[in-house]
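Below, read A as the first sequence line, B as the second, and so on, with proteins coming before strands; counting in each chain starts at 1.
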2 protein chains.
Amino acid sequence: MRGTSKYDREVLSALECDERFRSCQEIHSRLAEARGGGSRPPSLSTVYRTLHRLARQGEIDTIHAEDGERLYRRCETSPHHHLLCRVCGRVEEIPHAWELRPVLDRVGYQSGFSELGCSLQLSGVCPDCGRSVPTGEDPEERGADAVL
Amino acid sequence: MRGTSKYDREVLSALECDERFRSCQEIHSRLAEARGGGSRPPSLSTVYRTLHRLARQGEIDTIHAEDGERLYRRCETSPHHHLLCRVCGRVEEIPHAWELRPVLDRVGYQSGFSELGCSLQLSGVCPDCGRSVPTGEDPEERGADAVL
DNA sequence: AGATTATTGATAATCGTTTTCATTTTCGCA
DNA sequence: TGCGAAAATGAAAACGATTATCAATAATCT
């Protein structure tokens with residue numbers, strides 16, 4: 001596998017204008033819908049392979065849904081974090097590292113770990129959902145490892 | 001399901017002295033080994049159910065492995081984050097929220113999101129592994145969404 | 001063009017997890 | 001103590017996302 005697919009571009013553009021993370025299967029059916037009817041869309045296998053490759057090359061981000069399903073999203077070029085609405089699933093991107101870098105440096109210094117990276121998954125209730133859903137969701141639905 | 005199982009205690013104690021996250025199946029076979037031979041261990045289904053319940057009750061943390069497998073670990077009582085060694089899988093616990101709270105407050109203020117929680121998964125190379133593995137791991141192996 | 005190599009698609013295999021359902025256990029209460 | 005409802009359990013089937021397989025196709029090189 002030298003790392004190309006004629007579908008790379010198409011998959012990327014299917015992800016292009018998305019504010020949500022998408023599963024491989026969503027992307028696949030989106031590709032199928034997107035064509036007028038002339039050419040055949042790539043197979044599911046190929047979409048999986050393409051997503052793998054793009055993720056490995058750092059072109060796209062992957063996260064895990066609560067149920068372990070892999071979700072993909074186009075990377076922005078600058079470092080960023082994600083803010084997930086626990087109610088509707090909308091994801092917003094948080095500009096960059098904020099004042100997190102010093103935290104990482106400190107952790108690295110104190111723990112002896114090197115090459116520190118971090119994945120910060122923020123979750124909350126977005127303004128829209130906050131209005132409609134008054135209170136008291138099932139705790140089951142909350143991010144499983146929200147610890148703060 | 002009113003929320004008890006005669007295995008709750010046993011599952012918790014199987015998790016008790018662990019510095020790694022464990023999969024349900026690991027826990028299950030651990031329970032099987034732990035008995036002399038008299039009584040029968042709980043079934044895999046029951047271990048799954050028990051872990052669900054404990055996670056919902058906040059007794060244990062869950063995270064996802066790279067492949068989406070769910071991993072469980074006993075919660076400490078105070079808020080904390082996890083620092084994962086990308087080479088050996090060792091997990092250390094980072095005391096508490098550090099100076100992260102102000103970051104969350106700011107994000108909440110600027111985004112309009114409410115009830116902000118966060119899961120901070122830090123990863124790096126632990127001191128032991130840092131000595132033995134000089135450099136250049138396969139980028140495939142890195143945490144998929146290490147963004148900082 | 002011909003040979004070599006990589007990519008693709010269809011399908012089967014994997015594997016962690018969840019459901020189902022019949023059986024057993026637990027618990028309240030007369 | 002014994003009965004009956006409700007919950008918990010185990011075994012196995014169902015599920016579903018992902019991965020592996022392999023023959024067919026397309027791309028590449030000389």
Side-chain angles (χ1 to χ4, degrees), chain A residues 1-12 14-15 20-32 34-35 38-57 59-73 89 138 140-141 144-145, chain B residues 1-12 14-15 20-32 34-35 38-57 59-73 89 138 140-141 144-145:
Chain A
M1 191 201 288
R2 194 169 41 218
T4 8
S5 156
K6 60 176 167 181
Y7 297 114
D8 280 18
R9 198 168 308 171
E10 196 175 350
V11 167
L12 279 177
L15 244 35
R20 291 223 311 101
F21 279 84
R22 300 285 175 190
S23 70
C24 180
Q25 319 220 18
E26 280 180 298
I27 295 165
H28 177 246
S29 48
R30 177 172 289 210
L31 290 183
R35 2 199 109 223
S39 53
R40 297 231 312 282
S43 69
L44 188 57
S45 314
T46 299
V47 178
Y48 269 111
R49 282 188 282 237
T50 303
L51 288 170
H52 270 187
R53 191 178 319 114
L54 293 173
R56 181 153 31 103
Q57 294 169 355
E59 300 277 342
I60 58 181
D61 275 346
T62 75
I63 60 171
H64 286 288
E66 278 306 294
D67 63 354
E69 191 183 24
R70 270 206 192 76
L71 303 177
Y72 301 88
R73 188 173 187 235
D138 184 347
E140 178 107 76
E141 300 305 321
D145 39 358
Chain B
M1 190 200 285
R2 195 169 40 222
T4 8
S5 156
K6 60 178 169 181
Y7 297 113
D8 280 18
R9 197 168 308 171
E10 196 175 349
V11 167
L12 279 176
L15 244 34
R20 289 222 313 101
F21 279 84
R22 299 288 176 189
S23 70
C24 180
Q25 318 221 19
E26 278 179 299
I27 294 164
H28 177 245
S29 48
R30 179 172 287 208
L31 290 183
R35 4 198 106 224
S39 54
R40 297 232 313 283
S43 69
L44 189 56
S45 315
T46 299
V47 178
Y48 270 110
R49 283 188 280 237
T50 303
L51 288 170
H52 270 189
R53 191 180 316 113
L54 293 173
R56 180 151 32 104
Q57 294 169 354
E59 299 277 342
I60 58 181
D61 275 346
T62 75
I63 60 171
H64 287 288
E66 278 306 293
D67 64 352
E69 192 183 24
R70 271 205 191 74
L71 303 177
Y72 302 89
R73 187 173 188 237
D138 184 346
E140 179 105 76
E141 300 304 322
D145 40 357

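- Listed by chain and number, the residues in a side chain to side chain contact (heavy atoms under 4.5 Å, CB included) with P41(A) are A32(A), R35(A) (sequence neighbours excluded).
- If you take NE2 of H28(B) and P of dT18(C), they are 15 Å apart, rounded to a whole angstrom.
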For nucleotides 18-20 of chain D, list the nitrogen or oxygen atoms of the protein found under 3.5 Å from its nitrogen or oxygen atoms, one pair per line.
from: dT18(D); atom 1: OP1; to: R70(A); atom 2: N; distance (Å): 2.7
from: dT18(D); atom 1: OP2; to: Y48(A); atom 2: OH; distance (Å): 2.5
from: dT19(D); atom 1: OP2; to: H52(A); atom 2: NE2; distance (Å): 2.8

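- OP1 or OP2 of dA11(D) lies within a sub-4.0 Å distance of a side-chain N or O belonging to R40(B).
- One interatomic measurement links the two molecules: CD of E10(A) to P of dT8(C), which rounds to 11 Å at whole-angstrom precision.
- Residue S43(B) places none of its side-chain N or O atoms closer than 4.0 Å to OP1 or OP2 of dT9(D).
- Residues satisfying the side-chain hydrogen bond (donor to acceptor under 3.5 Å, both in side chains) test with S43(B), not counting sequence neighbours, are T46(B).
- With rounding to whole Å, L51(B) atom CG is found 10 Å from dT18(C) atom P.
- Atom pair H64(A):NE2 and dT17(C):C1' shows a separation of 15 Å (rounding to whole Å applied).
- Remark: side-chain polar atoms of H28(A) are paired, donor with acceptor, to backbone N or O of P42(A) under 3.5 angstrom.
- The closest side-chain heavy-atom distance from I60(A) to L12(A) is below 4.5 Å.
- In this structure, CZ of R53(A) is placed 13 Å from P of dA6(C), rounded to the nearest angstrom.
- Contact annotation: the side chain of F21(B) never approaches that of R70(B) to less than 4.5 Å [non-hydrogen atoms, C-beta and beyond].
- Residues satisfying the side chain to side chain contact (heavy atoms under 4.5 Å, CB included) test with S23(B), not counting sequence neighbours, are Q25(B), E26(B), E69(B), L71(B).
- Nearest-nucleotide positions on DNA chain C for V47(A) and K6(B) put V47(A) closer to the 5' end.
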